[in-house]
Amino acid sequence: MSALATPPLLEVDGLTKRFGARRALDDVSFALWPGEVLAIVGESGSGKTTLLNCIAGRVVPEAGRVLYRAPDGAAADLLSLSEAERRRLLRTDLGFVHQNPRDGLRLSVSAGANIGERLMAAGARHYGDIRARALDWLQRVEIDPARIDDMPGTFSGGMQQRLQIARNLVSDPRLVLMDEPTGGLDVSVQARLLDLLRDLVGEIGLSVVLVTHDLGVARLLAHRLLVMQHGRVIESGLTDQVLDDPHHAYTQLLVSSVLQL
Amino acid sequence: MTSPDPVLLPMLRLVGLSKRFVLHAQGAVELGVLDNLSLEVARGECVALDGPSGIGKSTLLRTVYANYKADAGEIWVNHDGKPIDLAVAAPRDVLDVRRRTLGYISQFLHVIPRVPTLKIVAEPLRRRGVAPSEADDHAAAMLRRLGLPEALWRLAPATFSGGEQQRVNIARGFIAGHAILLLDEPTSALDAENRARVVTLIREARETGIAMLGIFHDQPVREAVATRVFAMPRAASMGSAA
């Protein structure tokens, strides 16, 4: 099937955001199709996290639109939704995986309750069903189901990150935003999480916007890449094409600065 | 007039392909590598690229795979009987062509660390929707054919020898049954016995109608697998900078 036949899930159009005199985002546009993983790369301060926060409605831009296509085919501008509508969407259709799992988990309730919360927000009430799905998701992210009643604070960093991913994916979201999901982890834990994310994304056909400064992570997970510098998208395309044949001087510098092992 | 029978279309048709590199960090020095190159590969053909080191054989394979971006020209791939030009196709269409029609076997293996060999080899099948257990069975059969000891299948290939890694790469490249394969020195690290295994694999693929374009430096291998040799033209604008 030609790509033209399917409409995009997300269309970001002309996003602009200033912090004081500095332009964090300068007329940023892109589209994301169902099942696509898009990585946004660039150095610290390039605007990539601000872009993610604008899409999630955590930061309000001065200009631009974020069109999201609901399952019924209707597109709505996430920026003009009411607070209640946006919160409903963020608890069901959309997910957000934070770099620090402690920002995305509730540490005062058990692992099982962390996973069940979004199901309850989506209307599930049957305790047995919720617990069964929580157990299933613990297994899918390779956490021992016997830990279901343990507090997340007793988990290792890698386990917490996998729990955060389960908590986001349990409600069958169509779009997940990820901010450096492997950033705070040891490299040994990172590899396993990357493999898990790749499998899950492939199985579910999930769409992901992934912010990372790690070009290796982008290469392994993303279909497409946007390179940002000073709030602008300076290069974009197929991940391996941008990394192996970078055209912009800044992208060439980024790629050639990666340490080779 | 009816449209041409897709079965008779060439599997791969390159028209006026050009590729140059501009290196910004080195005073924007420009390297022209491919200049107006045209070539067709039909079903069941194995075309060997010929020419000295540095003339652009690997660059041509990578440009055809859309791993390098063509500056001019067309890359027509027969994708399910329909032609698609990878030089201008949208990224998600390029990925679909790579998943189902066009395979590329590079000299080196690039994979997620710590993932077991069997899973790496089975991945292209799983991405096409084959059930994991069935994909694993096919992967096991392919690894057995290539003589990779079963004790290695559950291990990640990072610590394997060059020849073992190359066979993992070949197994992964041949497993998905792509109609077109690009081969960049698939036997460079192999001993005689394993070279013979790969030669057999390529010849069988040829007989089933798979179209192949490859680089085979080893003369006996090339003679055994190639149906035709294509002499790489030297790009007019090619400097001595490389």
Side-chain angles (χ1 to χ4, degrees), chain A residues 1-6 8-9 30-38 182 187-199 201-203 205 207 216-217 219-226 235-257 261, chain B residues 19-29 31 33 58-59 61-63 65-71 79-80 82 84 86-100 104 106 108 110-116 119-120 122-132 135 156 158:
Chain A
M1 187 165 57
S2 164
L4 296 172
T6 330
L9 179 70
F30 69 85
L32 180 75
W33 276 262
E36 239 185 354
V37 179
L38 175 77
T182 61
V187 282
S188 58
V189 180
Q190 214 184 70
R192 192 163 154 214
L193 188 71
L194 283 174
D195 187 38
L196 177 76
L197 278 175
R198 223 158 95 119
D199 284 350
V201 166
E203 279 166 30
S207 302
V217 168
R219 187 190 280 275
L220 291 173
L221 284 182
H223 302 119
R224 269 195 307 137
L225 210 59
L226 296 185
E235 187 158 357
S236 68
L238 267 178
T239 299
D240 62 282
Q241 196 179 76
V242 173
L243 293 179
D244 293 337
D245 185 17
H247 280 55
H248 193 282
Y250 175 71
T251 316
Q252 290 189 355
L253 181 68
L254 268 189
V255 170
S256 66
S257 304
L261 283 180
Chain B
K19 176 65 194 165
R20 65 194 166 86
F21 296 95
V22 180
L23 308 178
H24 291 286
Q26 291 160 50
V29 62
L31 301 172
V33 181
S58 289
T59 296
L61 292 187
R62 284 169 171 257
T63 306
Y65 196 62
N67 174 232
Y68 289 168
K69 192 173 175 56
D71 292 302
H79 184 47
D80 293 340
K82 286 194 217 90
I84 176 169
L86 294 189
V88 294
R92 56 204 174 281
D93 285 337
V94 173
L95 292 174
D96 188 54
V97 168
R98 288 181 181 176
R99 198 157 36 233
R100 300 194 290 120
Y104 168 55
S106 63
F108 305 104
H110 292 288
V111 290
I112 298 187
R114 302 182 69 201
V115 177
K119 189 175 173 191
I120 289 170
E123 200 202 4
L125 277 180
R126 290 179 30 229
R127 273 192 295 164
R128 295 186 63 170
V130 175

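With sequence neighbours left out, A/Asp245 forms a side chain to side chain donor-acceptor pair (under 3.5 Å) with B/Lys19. Every side chain to side chain contact (heavy atoms under 4.5 Å, CB included) that B/Ser58 has, sequence neighbours left out, goes to B/Asp184, B/Ile215.
Among the candidates B/Tyr68, B/Phe21, B/Tyr65, the residue making the largest number of heavy-atom pairs closer than 4.5 Å to chain A is B/Tyr68. Chain B forms the most heavy-atom pairs under 4.5 Å with one residue out of A/Leu194, A/Leu220, A/Leu243, and that residue is A/Leu220. Most heavy-atom pairs under 4.5 Å with chain A: of the set B/Val111, B/Asn67, B/Leu23, this distinction falls to B/Asn67. Counting heavy-atom pairs closer than 4.5 Å to chain A, the top-ranked of the candidates B/Arg126, B/Arg127, B/Lys119 is B/Lys119.
B/Val22 touches chain A through its backbone: at least one of N, CA, C or O sits under 4.5 Å from a heavy atom, while the side chain does not. Only the backbone of B/Ala25 comes within less than 4.5 Å of a heavy atom in chain A; its side chain stays farther off. A/Arg219 does not touch chain B: none of its heavy atoms, backbone or side chain, sits under 4.5 Å away. Only the backbone of A/His248 comes within contact range of chain B, with heavy atoms under 4.5 Å apart.
With a 4.5 Å cut-off on side-chain heavy atoms, A/Leu253 and B/His24 do not count as touching. Between B/Arg98 and A/Asp240, some side-chain heavy-atom pair lies under the 4.5 Å cut-off.
The main-chain N or O of B/Pro91 is never found under 3.5 Å from a side-chain atom of A/Gln241 such that the two would form a donor-acceptor pair.
Nearest approach of B/Pro113 to A/Ala191, heavy atoms of both residues: O-CB, 3.6 Å.
Here the CD-CG distance, from B/Glu123 to A/Asp199, works out to 7.5 Å after rounding to the nearest 0.5 Å.
None of A/His223, A/Glu36, A/Arg224 except one satisfies the side-chain contact (heavy atoms from CB on, under 4.5 Å) rule with B/Leu95; the exception is A/His223.
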